Number of protein chains: 2
Amino acid sequence: MQSPQPPGAAGPRPTVDSEITWLLHRAAQRMRAATGEVAEKHGLTLREYIVLSALHKSPGLNQGELGKTLGLDKTTLMSQLDRLERSGLVVRHNDPRDRRLRIPVITADGEALRATVADACDNVETSALTGLDPDEVQILRRMLFAIIGDVEDRGSCL
Amino acid sequence: MQSPQPPGAAGPRPTVDSEITWLLHRAAQRMRAATGEVAEKHGLTLREYIVLSALHKSPGLNQGELGKTLGLDKTTLMSQLDRLERSGLVVRHNDPRDRRLRIPVITADGEALRATVADACDNVETSALTGLDPDEVQILRRMLFAIIGDVEDRGSCL
DNA sequence: TATTGTTATACTCTATAACTATA
DNA sequence: TATAGTTATAGAGTATAACAATA
């Protein structure tokens with residue numbers, strides 16, 4: 001119930017223990033800072049880049065599907081798409097079969113910018129994972145997908 | 001340069017690719033939601049619990065050291081400590097050798113609550129990692145520490 | 001009635017800057 | 001002067017609620 005270590009004995013011992021949640025939080029925080037900085041050099045926020053990336057990889061989704069894919073609230077996605085559209089990087093099309101649906105599409109300008117930022121971000125991400133085997137990075141991705149509760153395991157997550 | 005998949009062919013294919021940053025962000029978001037819910041059942045925010053946990057594991061740190069250990073800004077740590085002190089879970093002592101320094105100490109009540117919440121949070125965390133070998137979880141922790149840029153590798157991080 | 005997109009709003013986390021008290 | 005803590009404040013990210021258009 002008392003200090004497991006006499007005060008002032010071996011000095012401060014900053015060992016964080018099991019708290020996986022907090023470790024994930026801090027790792028994500030740090031990676032967001034690094035890749036966000038890269039994206040902003042090109043005039044994009046991290047989320048705007050993520051949206052462009054999803055539009056590139058999974059074209060044809062409507063806004064609701066896109067939000068679920070990215071784990072973004074529909075109102076958060078709105079503000080991203082608004083700015084991207086104002087910048088001419090995205091256009092919202094209408095789905096003729098259901099006129100409620102709107103399908104965001106990346107423009108040529110958007111695709112060019114996305115490709116540039118993707119290269120820079122990939123560099124940052126890989127350098128942040130220096131010292132880890134490629135196998136381990138694959139394990140990391142598997143675990144993150146498992147935590148998110150992802151598509152390939154048990155259907156949609158959020 | 002165009003859609004890698006003809007529009008409307010095989011339907012939406014929501015595969016997120018290399019974006020480790022975003023995967024980390026979403027995984028952390030989900031874990032924070034889960035453990036935060038647990039903590040709030042006991043009247044604590046996740047950050048308040050994290051602070052209590054650090055005070056338990058690394059007693060004797062002053063506020064500056066504590067903030068660095070947890071990766072919390074000193075002003076953020078302040079608000080956590082204020083509420084913990086008001087609730088009688090923490091007391092701030094003075095360091096007689098340097099009267100600028102204040103050393104937060106967990107009280108008996110704080111320790112009892114921390115232990116309760118720790119059990120509940122550990123359960124949530126382990127169940128979130130179901131389907132992963134214990135070895136893999138160790139790999140995960142190593143990688144997270146590497147990303148954070150931690151003590152055991154290259155000195156303090158933030 | 002239910003659903004998609006939209007708008008407006010409030011709340012939380014985090015960081016910045018200025019102030020104090022000690023050194 | 002420099003540092004630890006404190007306070008006040010502003011910004012970003014996120015979620016909630018209400019509304020319009022369409023099904």
Side-chain angles (χ1 to χ4, degrees), chain A residues 12 21-22 24-26 28-37 39-40 44-51 60-86 90-105 158, chain B residues 12 21-22 24-26 28-37 39-40 44-51 60-86 90-105 158:
Chain A
T21 298
W22 198 247
L24 273 169
H25 170 70
R26 292 185 63 186
Q29 196 174 30
R30 182 165 255 245
M31 290 295 283
R32 284 202 319 263
T35 57
E37 189 180 6
E40 278 171 20
L44 288 177
T45 66
L46 175 59
R47 280 166 192 76
E48 288 167 347
Y49 163 63
I50 291 295
V51 170
L61 301 180
N62 61 48
Q63 292 188 194
E65 294 167 332
L66 185 61
K68 278 183 202 156
T69 300
L70 292 174
L72 285 176
D73 188 80
K74 63 179 180 178
T75 61
T76 306
L77 179 58
M78 274 294 302
S79 58
Q80 312 304 321
L81 287 173
D82 285 348
R83 286 207 293 181
L84 289 170
E85 195 166 34
R86 253 180 278 137
V90 161
V91 178
R92 278 186 254 221
H93 290 172
N94 292 316
D95 187 330
R97 289 166 303 185
D98 184 341
R99 297 208 313 228
R100 290 174 303 181
L101 304 180
R102 305 196 72 187
I103 300 176
V105 175
L158 251 173
Chain B
T21 298
W22 198 247
L24 274 169
H25 170 70
R26 292 186 61 185
Q29 197 175 29
R30 181 164 255 246
M31 291 294 283
R32 286 202 318 264
T35 58
E37 188 180 7
E40 280 172 19
L44 289 177
T45 66
L46 175 59
R47 279 167 191 75
E48 287 168 347
Y49 163 63
I50 291 294
V51 170
L61 302 180
N62 61 47
Q63 293 188 192
E65 294 167 332
L66 186 60
K68 278 183 204 156
T69 300
L70 292 175
L72 285 176
D73 188 80
K74 64 181 179 178
T75 61
T76 305
L77 179 58
M78 275 294 302
S79 58
Q80 313 303 322
L81 287 174
D82 285 347
R83 287 206 294 181
L84 289 170
E85 195 166 34
R86 255 181 276 135
V90 161
V91 179
R92 277 185 253 221
H93 291 173
N94 291 316
D95 187 330
R97 289 168 302 186
D98 185 340
R99 296 208 314 230
R100 290 174 303 179
L101 304 181
R102 306 196 72 188
I103 300 175
V105 175
L158 252 173

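What you are looking at is a predicted structure, and each value in this text was computed from that prediction instead of being measured. All chains are named by letter (A, B, ...) in the order of the sequence lines, taking the proteins before the strands, and each is independently numbered beginning at 1.
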What residues form a salt bridge (charged side-chain N to carboxylate O under 4.0 Å, His left out) with Arg99(A), not counting sequence neighbours? none
Would you please name every residue forming a salt bridge (charged side-chain N to carboxylate O under 4.0 Å, His left out) with Asp98(A), sequence neighbours left out?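 Result, salt bridge (charged side-chain N to carboxylate O under 4.0 Å, His left out) vs Asp98(A): Arg100(A).
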Let me spell it out: for each of Asn62(A) and Thr45(B), pick the nucleotide of DNA chain C with the closest heavy atom. Which residue's pick is nearer the 5' end?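 That would be Asn62(A).
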For Arg102(A), side chain to side chain contact (heavy atoms under 4.5 Å, CB included) partners two or more places apart: Gln63(A), Arg92(A), Asn94(A)
List the residues meeting side chain to side chain contact (heavy atoms under 4.5 Å, CB included) with Arg83(A), not counting sequence neighbours, and say none if there are none.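 Partners of Arg83(A) by the side chain to side chain contact (heavy atoms under 4.5 Å, CB included) criterion, ordered by chain and then number, come out as Thr45(A), Glu48(A), Arg86(A).
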Separation of atom [atom1] in [X] from atom [atom2] in [N], rounded to whole Å:
{"X": "Gln63(B)", "N": "dT3(D)", "atom1": "CD", "atom2": "P", "value": "18 Å"}
{"X": "Ile103(B)", "N": "dA4(D)", "atom1": "CD1", "atom2": "P", "value": "13 Å"}
{"X": "Arg30(A)", "N": "dT14(C)", "atom1": "CZ", "atom2": "C1'", "value": "16 Å"}
{"X": "Asp95(B)", "N": "dT22(C)", "atom1": "CG", "atom2": "C1'", "value": "12 Å"}
{"X": "Asp82(B)", "N": "dG5(D)", "atom1": "CG", "atom2": "P", "value": "13 Å"}
{"X": "Leu46(B)", "N": "dT14(C)", "atom1": "CG", "atom2": "P", "value": "9 Å"}
{"X": "Arg102(B)", "N": "dT22(C)", "atom1": "CZ", "atom2": "P", "value": "11 Å"}
{"X": "Leu77(B)", "N": "dT12(C)", "atom1": "CG", "atom2": "P", "value": "19 Å"}

Please answer whether the main-chain N or O of Glu37(B) pairs with a side-chain N or O of Glu40(B) as donor and acceptor at a distance below 3.5 Å.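 Side chain of Glu40(B) to backbone of Glu37(B): no pair is present.
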Is a donor on one side and an acceptor on the other found under 3.5 Å between the side chain of Thr76(A) and the backbone of Leu72(A)? no
Excluding sequence neighbours, so at least two apart, what forms side-chain hydrogen bond (donor to acceptor under 3.5 Å, both in side chains) with Ser79(A)?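 Checked Ser79(A) against side-chain hydrogen bond (donor to acceptor under 3.5 Å, both in side chains); zero matches.
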Classify every nucleotide of nucleotides 14-23 of chain D by which part a protein heavy atom approaches to under 4.0 Å, writing B for the base, S for the sugar-phosphate alone and - for neither, in 5'-to-3' order. SBBB----BS
Answer with base, sugar-phosphate or nothing: what part of the nucleic acid does Arg32(A) contact at a heavy-atom distance below 4.0 Å? nothing
Under 4.0 angstrom between Arg92(B) side-chain N/O and dT6(D) OP1 or OP2: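 So the side chain of Arg92(B) is within the cut-off, an N or O lying under 4.0 Å from OP1 or OP2 of dT6(D).
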